[in-house]
Structures are given as C-alpha cells and as structure tokens.
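Here it is, the structure, as structure tokens.
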Amino acid sequence: MENRDTKLTEKILILKKRRNAVILAHNYQLGEIQDIADFVGDSLGLSQNAARTDAEVIVFCGVHFMAETASILCPDKIVLLPDIHAGCPMADMVTAERLRERKGELPSATVVCYINSSAEVKAESDVCCTSANAVKVIESLEAKEILFVPDQYLGHYISTRTDKKMILWPGFCPTHLRIQPEHLTRLRQEYPQAKVVVHPECRPEVIAAADEVLSTGGLCRYANKSEVKEIIVGTEIGIIHRLKKENPAKRFIPASEQAICPRMKLITLEKILWSLEEMAPEVRVPEEIRLKAKACVDKMLEVV
Ligand code: 13P
Ligand code: SF4
C-alpha cells in the first residue's frame, strides 16, 4: 500500500511540475493528500493562497465551494477538483432562488454568507466570511440586521458575540452535528488535563461545553503555540493527521470518531493523478456570477 502511494506521489509530483500546478488541500483531507500538498489550511488560508499563487493550474483537494472560490479569485487559472461530486451538503442547503425570496421578505437586512455556499449564493450576498473571521466581518458592517446563510450553528455562535440582530438560515453541517455534549463529558473524565477545542459549526450545547471555539486553522495554531499537551478535537477527524505531524509530543483525542466528512474523503491520490492527466474536472464560474461573487469575497478579504 505504502509502495503504491509512493509511486502515485512520484507521478503526481512530476506531472504537477509539468503542468505548472499547485496543490491546495483542506485540513480535513486524507493524510497522504495533505503530505503532497503545497499548502494545507482552512477555508480562509486556502482562498488567500489561491488568490496569490502564480501557478497556471490549481488542484483543489477539498469540496466544490472551495474550488469555486479559487475560480472566483483566479479566473485566468484552471481550477481542478479531482472528484466533481465532492460537494458540501451544508452549502447545498441554500440556493440563490430561495435566498432571493427571503431577501424580498427582509429588505433592510444585510446578507452575510458563510464561505460554505455556492458562487450563485455569494453573488446574491453582500459579504462572505469563514469560521476564522465571521465575528470580525459582521462587526465591521454598519448594518444592524443580518441575514446569515446557510449555517444556523455558526450563525448562532456569532449571535453570542455581537449585538447585531442575526436572522439565521436553517442549514447545518451533518458531520459536526455528530459531535454530542455527552462525548465531551465522557472524554473530560478520561483525560482530565485535556483542553476541549471545537469548531463553530458544532451545536450550541457542544460549544458551551468547550474551552475554545476555533476554525480548523485556529485549532492548528492553538495546538502549535499553547503549552497544552492533550487536546480533545471537536471537528472533522482528518485534521488530526496535521495536528500530530506538527506536534508529535502532544496527544489529540477525537471528540467523536464519527465526525468524518464523506465528501472531503472523495478526493484520493488516484483521482489527483487522473485529474492532472486529463486536466479535468474543471470548476469554472460563469463570468456574470463570478463578478458579483468576487465583490462578496473581496469585501471579506479586505476585513481579514
Ligand atoms: P474551516 O474554514 O474552519 O477550515 O472550515 C471549513 C469547513 O468546511 C468546516 O466544516
Ligand atoms: Fe461541509 Fe461539514 Fe464537510 Fe465542512 S465538514 S465540508 S461543512 S459537510
């Protein structure tokens, strides 16, 4: 298995050079993919990296909205998503059409979309945010009333950190909802020295039981900088590969072994190689939508 992965990796790296490609991977990707990526990070770091790369091709190892964001920021580049079915179910919980209807009912609300949303939804929104900068972005707005789409739990978490009136869309992440407060209670008994760090997509009861609420990038920085030796990880378990690699002397305990995002795991080394050979599947946002969506993403990047 290891030998096969080594051969695949060698082929990918040769082809990557020939195509002048860069490989960007989200923190939830399989370990072997994180290991060959040029950059591994959270949604914010990935979009910043996509915006500044001078490679001609971006191989996006993540989910569809992330590849779309790269295409929104880099229209002259070829953005490849090695499995076109790698979509985020939460992002699919809001459509541009339903958002337009809701905006009609709330004419004075400013629309903030989580980056986990389609390009069409971004094009209908005033500004987007990631889990790393959501509170900062919302606090930067003059508006008093915010329609937040699609994650009700991130939206609820923000509402505890701002005085603005937050109107929440009923979307959610099925993976983060698998983490229950009972898991944290049990693990705290087993590991009394450990700190509990959870993602803001978790349900409010889980957030209330945590020591820190951080984006995936925030969690990596926390693990690297803090003196804490044991961390109970309340997010998708793919991130534990990076945490262990960067902090071999520390212990990382998954809050739930069930917190796996099946769509993230659709990307494999085989599919990356095939994608670079075929230069497909390509993700490209139509220009009319792209320009509107770019205004929404740029506004966020100005605040960060
Ligand atoms: P981050 O931006 O924190 O990496 O989160 C992305 C995501 O999809 C979480 O489920
Ligand atoms: Fe979407 Fe949740 Fe998977 Fe993140 S973990 S990509 S929010 S389904």
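In listed order, ligands and their atoms are each counted from 1. These values consider heavy atoms only, across backbone and side chains, with no hydrogens, waters or symmetry-generated copies.
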### Query
Looking only at heavy atoms of Met90, does any of them come nearer than 4.0 Å to an atom of ligand 1?
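Judged by the 4.0 Å heavy-atom criterion, Met90 does not count as contacting ligand 1.
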#### Entry: Atom of Lys271, atom of Asp83 and distance for their closest heavy-atom approach
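In this case the closest contact between Lys271 and Asp83 is NZ-OD2, 2.7 Å.
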### atom 2 (Fe) of ligand 2 - nearest protein heavy atom and its distance
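Heavy-atom neighbour on the protein nearest atom 2 (Fe) of ligand 2: Cys173 SG, 2.3 Å.
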### Same cluster (ILVMFWY, side-chain, under 4.5 Å), Ile84 and Trp274
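Different hydrophobic clusters.
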### Query
Taking the minimum heavy-atom distance to atom 3 (O) of ligand 1, which of Ser47, Ala132, Cys261, Ser131 ranks first?
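When every heavy atom of Ser47, Ala132, Cys261, Ser131 is considered, Ser131 comes closest to atom 3 (O) of ligand 1.
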### Query
Among protein heavy atoms, which sits nearest to atom 1 (Fe) of ligand 2, and what does the distance come to when rounded to 0.1 Å?
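Atom 1 (Fe) of ligand 2 sits closest to the protein heavy atom Cys88 SG, 2.4 Å.
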### Lys/Arg N to Asp/Glu carboxylate O, Glu246 vs Arg242, below 4.0 Å
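Result for this pair is yes, salt bridge flagged.
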### Protein heavy atom at shortest distance from atom 2 (O) of ligand 1
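Result for atom 2 (O) of ligand 1: Ser43 OG, 2.8 Å.
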### Query
Which of the atoms in ligand 2, numbered in the order shown and given with their element, are less than 4.0 Å from a heavy-atom of Glu201?
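Selected atoms, number and element: 2 (Fe), 7 (S).
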### Message
Under 4.0 Å from a heavy atom of His176: which atoms of ligand 1 are those, numbered in the order shown and with their elements?
### Response
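Once the distances to His176 are compared, the set is 10 (O).
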### Task
Report yes or no: do Ser215 and Asp42 form a side-chain donor-acceptor pair below 3.5 Å?
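There is such a pair between these side chains.
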### Query
For Ala51 and Leu73, which heavy atoms make the closest approach, and how far apart are they?
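That would be CB-CD1, 4.1 Å.
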### Query
Side chain, backbone, both or neither: which part of Arg263 comes within less than 4.0 Å of ligand 2 when only heavy atoms are counted?
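Answer for Arg263: neither.
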### Ion pair check, Glu10 and Lys7, cut-off under 4.0 Å
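Result for this pair is no, no salt bridge flagged.
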### Query
What pair of heavy atoms forms the shortest contact from Ala86 to Arg263, and how long is it?
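Of all heavy-atom pairs spanning Ala86 and Arg263, the closest is CB-O, 3.5 Å.
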### Query
Quick one: does Phe60's side chain get under 4.5 Å of Ile23's, heavy atoms only?
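No, their side chains stay 4.5 Å or more apart.
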### Query
Should Lys265 and Glu236 count as an ion pair when the cut-off is N to O under 4.0 Å?
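A salt bridge is present here (some side-chain N lies under 4.0 Å from a carboxylate O).
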### Task
Measure the distances from the heavy atoms of Thr130 to every atom of ligand 1 and state whether one is below 4.0 angstrom.
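Under 4.0 Å: no for Thr130.
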### Query
Can you tell me if Cys261 has an N, O or S atom under 2.8 Å away from atom 3 (Fe) of ligand 2?
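For Cys261, the answer is yes, given that an N, O or S atom comes within less than 2.8 Å of atom 3 (Fe) of ligand 2.
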### Task
Examine His26 against ligand 1 and note whether any of their N/O atoms are separated by less than 3.5 Å.
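Yes - when backbone and side-chain N and O of His26 are compared with those of ligand 1, one distance drops under 3.5 Å.
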### Nearest neighbour in protein (non-hydrogen) for atom 5 (O) of ligand 1
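Protein heavy atom with the smallest distance to atom 5 (O) of ligand 1: His199 NE2, 3.3 Å.
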### Test of proximity, Asn116 against ligand 1: N or O pairs below 3.5 Å
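In this structure, Asn116 places an N or O atom under 3.5 Å from an N or O of ligand 1.
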### Query
Atom CG in Leu24, atom OG1 in Thr53: separation rounded to 0.5 Å?
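Spacing of CG (Leu24) from OG1 (Thr53) equals 7.0 Å.
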### Message
Below a 4.0 angstrom heavy-atom separation, can you tell me which part of Asn116, side chain or backbone, both or neither, approaches ligand 2?
### Response
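Only the side chain of Asn116 comes within reach of ligand 2.
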### Message
Which residue and atom name correspond to the protein heavy atom nearest atom 9 (C) of ligand 1, and how close is it?
### Response
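Scanning the protein heavy atoms, the shortest distance from atom 9 (C) of ligand 1 goes to Glu201 OE2, 3.1 Å.
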#### Entry: Taking every non-hydrogen atom, the tightest pair across Val63 and Met264
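Answer, listing the atom of Val63 first, then Met264: CG2-CE, 3.9 Å.
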### Task
Heavy-atom distances under 4.0 Å are what count here, so tell me which part of Thr216 touches ligand 1: side chain, backbone, both or neither.
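It is both parts that get close, each with some atom under 4.0 Å.
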### Task
Just need the protein heavy atom nearest to atom 8 (S) of ligand 2, so name the residue and atom and give the distance.
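Here the nearest protein heavy atom works out to Pro89 CD, 3.4 Å.
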